[in-house]
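To keep things clear, I will list the structure first and then write my remarks on it.
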Amino acid sequence: MKIVIVDDDRLVSGALKMILQSNPGLTVCALGQDGQEAISLYREHRPDVLLMDIRMEHMNGLEASGQILQEFPNAKILLLTTFLDDAYIIKALNLGVKGYLLKQDYTHILPALEAVHNGQNVYGEEIVSKLPNLLHQKPKSPDLDGYGLQPREQEIVELIAQGLNNKEIAAKLFLSEGTVRNYLSSILEKLQLRDRTQIAVFYYRHR
């Protein structure tokens with residue numbers, strides 16, 4: 001897996017490079033310091049995943065992500081930041097970046113890179129937990145007909161996106177928790193997702 005790291009703090013990008021390159025099969029092919037460099041480095045190296053900070057001088061990571069995704073719609077971008085900023089989260093979702101993690105979650109960076117490389121979306125738990133409040137109006141239900149979900153499964157997807165756990169979903173829909181778990185397994189298989197966090201992200205990205 002080829003990685004490009006873009007962060008305006010050289011100590012951070014250098015540390016990330018050392019950590020990541022200690023893993024067999026992973027190569028950091030370039031380091032950059034701002035959004036303009038991110039665009040140039042992406043064009044040059046076509047990495048499997050671009051790992052990028054958000055707040056940088058000249059051009060931030062969100063602006064760079066927008067330009068890269070416009071030119072390369074299949075680009076896999078994982079944003080790594082110290083800021084749990086509501087506007088950033090919404091912008092990242094709307095742009096279609098594959099992931100958004102806090103820098104404090106160092107232990108999650110490698111698994112997140114692998115997940116993004118495999119085509120999954122990765123948003124930290126802190127970020128997903130904010131989504132129902134960020135989109136405080138009841139969201140318009142997305143069109144999920146093309147994914148083979150039954151009406152009951154679509155209901156459960158919506159309730160997961162609202163932050164309800166299995167027990168709460170069971171009570172709301174007058175089902176047993178076991179039945180909810182069975183529906184959840186079926187939903188994950190049909191959507192090819194890993195967990196309920198990814199279901200919530202999937203829901204909000206398909207509004």
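- Considering CZ of Arg55 and CG of Leu62, their distance stands at 10.5 Å, rounded to 0.5 Å.
- Side-chain atoms of Leu80 and Ile54, non-hydrogen and from C-beta on, never get closer than 4.5 Å to each other.
- Side-chain N or O atoms of Lys190 include one that pairs as donor or acceptor with a backbone N or O of Gly148 at under 3.5 Å.
- Using a distance-only test at 3.5 Å, with no hydrogens or angles considered, a donor-acceptor pair links the side chain of Asp48 to the main chain of Lys2.
- At a threshold of 4.5 Å between non-hydrogen side-chain atoms, the residues Pro47 and Ile3 do not count as touching.
- Side-chain N or O atoms of Asn118 include one that pairs as donor or acceptor with a backbone N or O of Glu114 at under 3.5 Å.
- Between atom CD of residue Gln36 and atom CE of residue Met59 there is a gap of 4.0 Å, rounded to the nearest 0.5 Å.
- Val4 places none of its side-chain heavy atoms less than 4.5 Å from the side chain of Tyr42.
- Summarising the geometry, atom CD belonging to Glu177 is positioned 12.0 Å from atom CG belonging to Leu184; distances are rounded to the nearest 0.5 Å.
- Considering CE of Met52 and CD of Glu37, their distance stands at 12.0 Å, rounded to 0.5 Å.
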Between Arg196 and Asn165, is the side chain to side chain donor-acceptor pair (under 3.5 Å) condition met? List the steps.
CA-CA 9 Å; Arg196 63 195 304 121; Asn165 60 33; over 6 Å; no

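- Counting only N and O atoms by type, the side chains of Gln21 and Thr27 include no donor and acceptor under 3.5 Å apart.
- Panel note: side chain Lys98, backbone Ile77; no donor-acceptor pair is recorded below 3.5 Å.
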Begin from the C-alpha positions of Val201 and Val122 and carry the test side chain to side chain contact (heavy atoms under 4.5 Å, CB included) through to its verdict.
CA-CA 8 Å; Val201 172; Val122 180; over 6 Å; no

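- Using a 4.5 Å cut-off on side-chain heavy atoms (C-beta onward), Leu50 and Val6 make contact.
- Residues Leu193 and Phe202 have side chains in contact (heavy-atom distance under 4.5 Å, counting atoms from C-beta outward).
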Quick one, Thr81 with Tyr100, criterion side chain to side chain contact (heavy atoms under 4.5 Å, CB included). Give me CA distance, side-chain angles, the key distance, then yes/no.
CA-CA 8 Å; Thr81 181; Tyr100 187 121; 3.6 Å; yes

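- In this structure the side chain of Glu153 reaches within 4.5 angstrom of the side chain of Ile187, judged on heavy atoms.
- Across Ile5, Leu51, Ile19, Leu16, a single residue satisfies side-chain contact (heavy atoms from CB on, under 4.5 Å) together with Val28, and that is Ile5.
- The distance from the CZ atom of Arg194 to the CG atom of Leu188 is 10.0 Å, given to the nearest 0.5 Å.
- Shortest non-hydrogen contact noted between Leu95 and Gly66 is CD2-CA, 3.7 Å.
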Test Glu155 against Lys172 for salt bridge (charged side-chain N to carboxylate O under 4.0 Å, His left out), laying out the working first.
CA-CA 11 Å; Glu155 278 187 278; Lys172 190 172 184 69; over 6 Å; no

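- Other residues, nucleotides and ligands place no more than 12 heavy atoms under 6.0 Å from the NZ atom of Lys91.
- Environment of CD in Glu71: crowded, with over 12 heavy atoms of neighbouring residues, nucleotides or ligands closer than 6.0 Å.
- Here the side chains of Leu79 and Ser65 are in contact, with some heavy-atom distance below 4.5 Å.
- A donor-acceptor pair under 3.5 Å is formed between the side chain of Gln198 and the backbone N or O of Asn121.
- Of the possible polar contacts, none joining the Glu189 side chain to the Ser185 backbone as a donor-acceptor pair under 3.5 Å is found.
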Would you please test Glu63 and Gln67 for side chain to side chain contact (heavy atoms under 4.5 Å, CB included) and show each step?
CA-CA 7 Å; Glu63 292 171 316; Gln67 291 198 28; 5.6 Å; no

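- By the 4.5 Å heavy-atom criterion applied to side chains, Arg152 and Leu175 are counted as neighbours.
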